[in-house]
Number of protein chains: 2
Amino acid sequence: MISSDLLKGSLKTIVLKLLQEEGPMHGYAITQRVEELTQGKIKLTYGALYPILHKLENENILVTTTEIRSNRTRIYYALTPKGDSVVVEKIRELNEFIESMQQIVTPKTGLSHA
Amino acid sequence: MISSDLLKGSLKTIVLKLLQEEGPMHGYAITQRVEELTQGKIKLTYGALYPILHKLENENILVTTTEIRSNRTRIYYALTPKGDSVVVEKIRELNEFIESMQQIVTPKTGLSHA
DNA sequence: TTATATATTTAAGTTTCTTATATATTGCAA
DNA sequence: TTGCAATATATAAGAAACTTAAATATATAA
């Protein structure tokens with residue numbers, strides 16, 4: 001399990017990318033899939049996930065469709081066109097961030113320390 | 001400039017790794033060096049940096065030595081033995097985090113979507 | 001019938017960071 | 001010689017993001 005400190009700020013990116021990759025999903029399935037993809041290293045808590053989903057819906061980045069399957073409600077979240085472009089931007093930022101972190105963690109010998 | 005959201009939780013790791021790589025530094029120099037290493041993409045604010053340094057000192061992860069150079073005070077921060085092992089752990093966590101994020105961002109075709 | 005898994009919600013609290021402000025010296029340019 | 005940029009540190013107030021905890025309800029396997 002990864003220290004939640006590092007995860008702060010990246011949950012939104014995780015959720016959006018997952019929806020881009022796998023199409024509409026409901027909240028519970030998102031937590032399961034993230035855990036599966038990361039071999040249990042990243043676990044989304046419901047207290048974090050659902051407020052994020054609600055917020056993204058309010059911002060017109062996600063839309064919902066409700067499915068009632070044998071008396072159990074599932075709320076599927078899908079990217080809007082606006083959401084599609086937000087994902088692209090978020091992924092660009094994430095790659096830039098990872099690159100920058102690696103520049104600090106694995107310093108290039110080429111850079112002078114002067 | 002990277003969205004500060006992604007940076008949340010990683011500032012401590014950045015500071016500690018930098019001190020490991022470059023030896024004792026004072027706060028102002030840390031901000032300059034991080035900016036330099038990341039081509040301006042990561043900028044530490046003083047409001048974030050100094051409280052982190054104070055906290056790490058209280059936790060016995062850093063020790064300070066004060067230098068007065070032509071009436072200007074510089075407080076150098078250096079890793080303690082405890083700090084050395086904290087850095088190792090933080091870097092391990094960071095690598096795990098980056099790996100996990102890449103698993104989401106760049107899904108392996110080998111993993112079933114079932 | 002009881003525990004576990006599925007499925008969502010939200011309030012209260014903590015941590016972490018941003019923004020703003022304060023202080024003080026040095027050095028360069030106008 | 002005045003004023004601005006750079007150097008150098010400190011901290012309070014507030015916002016944002018997350019954790020923890022508690023609530024609700026159904027399905028299913030033991």
- Task: Mind checking the CD-CD1 spacing from A:Q20 to A:I91? Nearest 0.5 Å is all I need.
- Result: 6.5 Å
- Message: Under 4.0 Å, heavy atoms only, any strand: does A:S10 hit a base, just the sugar-phosphate, or nothing?
- Response: sugar-phosphate
- Task: Give a yes/no on whether any side-chain N or O of A:K55 is located under 4.0 angstrom from OP1 or OP2 of D:dA17.
- Result: yes
- Return the nearest nucleotide to the side chain of A:R72; candidates are D:dC18, D:dA27, C:dT9. D:dA27
- Query: Considering all heavy atoms of both residues, which atom of B:A48 and which atom of B:L11 are nearest to each other, and what is their separation?
  - Reply: CB-CD1, 3.9 Å
- So, for A:K82 and A:E59, which heavy atoms are closest and what is the spacing to 0.1 Å? NZ-O, 2.8 Å
- Item | Atom pair distance, as rounded to whole Å: CG in A:L56 and C1' in D:dA17 | 13 Å
- Message: Within the 4.0 Å heavy-atom criterion, would you say A:G27 contacts the bases, only the backbone, or no part of the nucleic acid?
- Response: sugar-phosphate
- Query: Of all the nucleotides listed (D:dC18, C:dC17, D:dA8), which has the minimum atom distance to the side chain of B:K8?
  - Reply: C:dC17
- Any side-chain N or O of A:Y50 less than 4.0 Å from the OP1 or OP2 oxygen of C:dT9? no
- First encountered from the 5' end of DNA chain D, between B:Y77 and B:Q32: B:Q32
- Item | Nearest-Å distance for atom pair CG/C1', residues B:L11 and C:dC17 | 7 Å
- So CD1 of B:I14 and CD1 of A:I104: to nearest 0.5 Å the spacing works out to 4.5 Å
- Query: Can you tell me how far P of C:dC17 sits from CZ of A:F97, to the nearest Å?
  - Reply: 11 Å
- Message: Rounded to whole Å, please give me the gap between CD1 in A:I68 and P in D:dA27.
- Response: 12 Å
- Message: Using C1' atoms of five pairs at each end, report the bend of the helix from C:dT1-D:dA30 to C:dA30-D:dT1 rounded to 10 degrees.
- Response: 10°
- May I ask you to check whether over 12 heavy atoms, not counting those of A:K43, lie within 6.0 Å of atom NZ? no
- Residue whose closest nucleotide on DNA chain C lies nearer the 5' end, A:P51 versus A:T73: A:T73
- Note on the structure: Walking DNA chain D from its 5' end, the first of A:I52 and B:Y28 to be reached, judged by nearest nucleotide, is B:Y28
- Would you call the rings of B:Y28 and B:Y46 parallel, tilted or perpendicular if under 30° counts as parallel and over 60° as perpendicular? parallel
- Query: The side chain of A:H54 lies closest to which of these nucleotides: D:dC18, C:dT9, C:dC17?
  - Reply: C:dT9
- Message: Expressed as a whole number of angstroms, how long is the span from B:L7:CG to D:dA15:C1'?
- Response: 17 Å
- Just how far is it from atom OG1 of B:T80 to atom CD of B:E57, taken to the nearest 0.5 Å? 10.5 Å
- Query: Can you check the B:Y46 OH to C:dT23 P distance for me, whole Å?
  - Reply: 19 Å
- Message: Nearest whole Å is fine: how far is C:dT6 P from A:E36 CD?
- Response: 12 Å
- Item | Atom-pair distance (CG on B:L44; P on D:dT7), nearest Å | 15 Å
- Query: Does the side chain of A:I75 reach to within under 4.5 Å of the side chain of A:L53, using non-hydrogen atoms?
  - Reply: no
